[in-house]
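Okay, so here's the structure we're looking at.
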Amino acid sequence: SAYNDIIIALKKDPFTPPTLASLVSKGKSYKEAVGCLLKTGEIFKCGAEFVFLKSSWSEIESFIRTTLKNQKELKIGELRDRFNFSRKYAVPILEETDRIQLTKRLGDIRVKGEKFESQ
């Protein structure tokens, strides 16, 4: 039941998911379901705040890759506008792509990170 509830919530708003804290605060079965979904790779943990369906995260990552292949930099507004979400989501997403070295922050923009080509 918890598993299905989480999947439904993530599919409902694929690019503006509920916070991880709100999901696991629903009880032990939700914590276990999140753990299982992470272990199987069905969801992707974005920083400490959010989880995305793997397909949603892949779409975000693909947009970032395409943008950085076609131009030298990515502005937060481009990501925000493409997925129609607020800075609440855009900032943690870009921080996560910095952490995994897909991108690198240079002031207010992102450029290709050290692992851009290898991922």
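Numbers for residues simply follow the sequence, beginning at 1.
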Self-check item: Close side-chain approach of L68 and L102, heavy atoms under 4.5 Å
Solution: no

Donor-acceptor pairs under 3.5 angstrom involving side-chain atoms of residues 9-19: please list them, not counting sequence neighbours.
residue : atom : partner : partner atom : Å
T19     : OG1  : S22     : N            : 3.1
T19     : OG1  : S22     : OG           : 3.3

Exercise. Could you tell me whether the side chain of Y3 reaches within less than 4.5 Å of the side chain of E42, counting heavy atoms only?
Key: yes

Quiz item: Atom CZ in F44, atom CD1 in I93: separation rounded to 0.5 Å?
Solution: 10.0 Å

Quiz item: For the hydrophobic clusters of this structure (ILVMFWY residues joined by side-chain heavy atoms under 4.5 Å, transitively), does one cluster hold both F52 and V24?
Solution: no

Quiz item: Are the side chains of R110 and D98 in touch, meaning some heavy atoms are under 4.5 Å apart?
Solution: yes

Quiz item: What is the distance from atom CD1 of I64 to atom CG of L94, rounded to the nearest 0.5 Å?
Solution: 5.5 Å

Self-check item: ILVMFWY cluster, L38 and Y30 together (side-chain gap under 4.5 Å)
Solution: yes

Practice problem: With the side chain counted from C-beta on, respond yes when W57 and E96 share a heavy-atom pair under 4.5 Å apart, and no when they do not. | Solution: yes

Show me, pair by pair, the donor-acceptor contacts under 3.5 angstrom made by side chains of residues 78-85, not counting sequence neighbours?
residue : atom : partner : partner atom : Å
E78     : OE1  : Q71     : NE2          : 3.4
E78     : OE1  : K75     : N            : 2.6
E78     : OE2  : Q71     : NE2          : 2.7
R82     : NH2  : E59     : OE2          : 2.9

Practice problem: Starting at OG1 of T66, measure out to CG of L74 and round the result to the nearest 0.5 Å. | Solution: 11.0 Å

Quiz item: CG of L23 to CG of D5: how many Å apart, nearest 0.5 Å?
Solution: 9.5 Å

Quiz item: Shortest non-hydrogen contact from I109 to E73?
Solution: CD1-OE1, 3.3 Å

Quiz item: Judged by atom type as modelled, is there a donor-acceptor pair below 3.5 Å linking the side chain of S62 to the main-chain atoms of S58?
Solution: no

Quiz item: Do you reckon L20 sits in the same ILVMFWY cluster as Y89, going by side-chain contacts under 4.5 Å, direct or chained?
Solution: no

Quiz item: Do K88 and E49 meet the salt-bridge criterion of a basic N to acidic O distance under 4.0 Å?
Solution: no

Practice problem: Please round to the nearest 0.5 Å and tell me the distance separating atom CD of E32 and atom NZ of K39. | Solution: 11.0 Å

Quiz item: Under 4.5 Å between any side-chain heavy atoms of D108 and I76, yes or no?
Solution: no

Quiz item: Under 6.0 Å from the NZ atom of K104, do we count more than 12 heavy atoms belonging to anything else shown?
Solution: no

Quiz item: So if you build clusters from Ile, Leu, Val, Met, Phe, Trp, Tyr with side-chain heavy-atom gaps below 4.5 Å, do I60 and I100 land together?
Solution: yes

Exercise. Could you tell me which non-hydrogen atom of I43 sits nearest to which non-hydrogen atom of V34, and how far apart they are?
Key: CD1-O, 3.9 Å

Practice problem: Working to the nearest 0.5 Å, report the span between NZ of K45 and CG of L37. | Solution: 14.0 Å

Quiz item: Do F63 and L53 share a hydrophobic cluster (ILVMFWY, side-chain heavy atoms under 4.5 Å, transitive)?
Solution: no

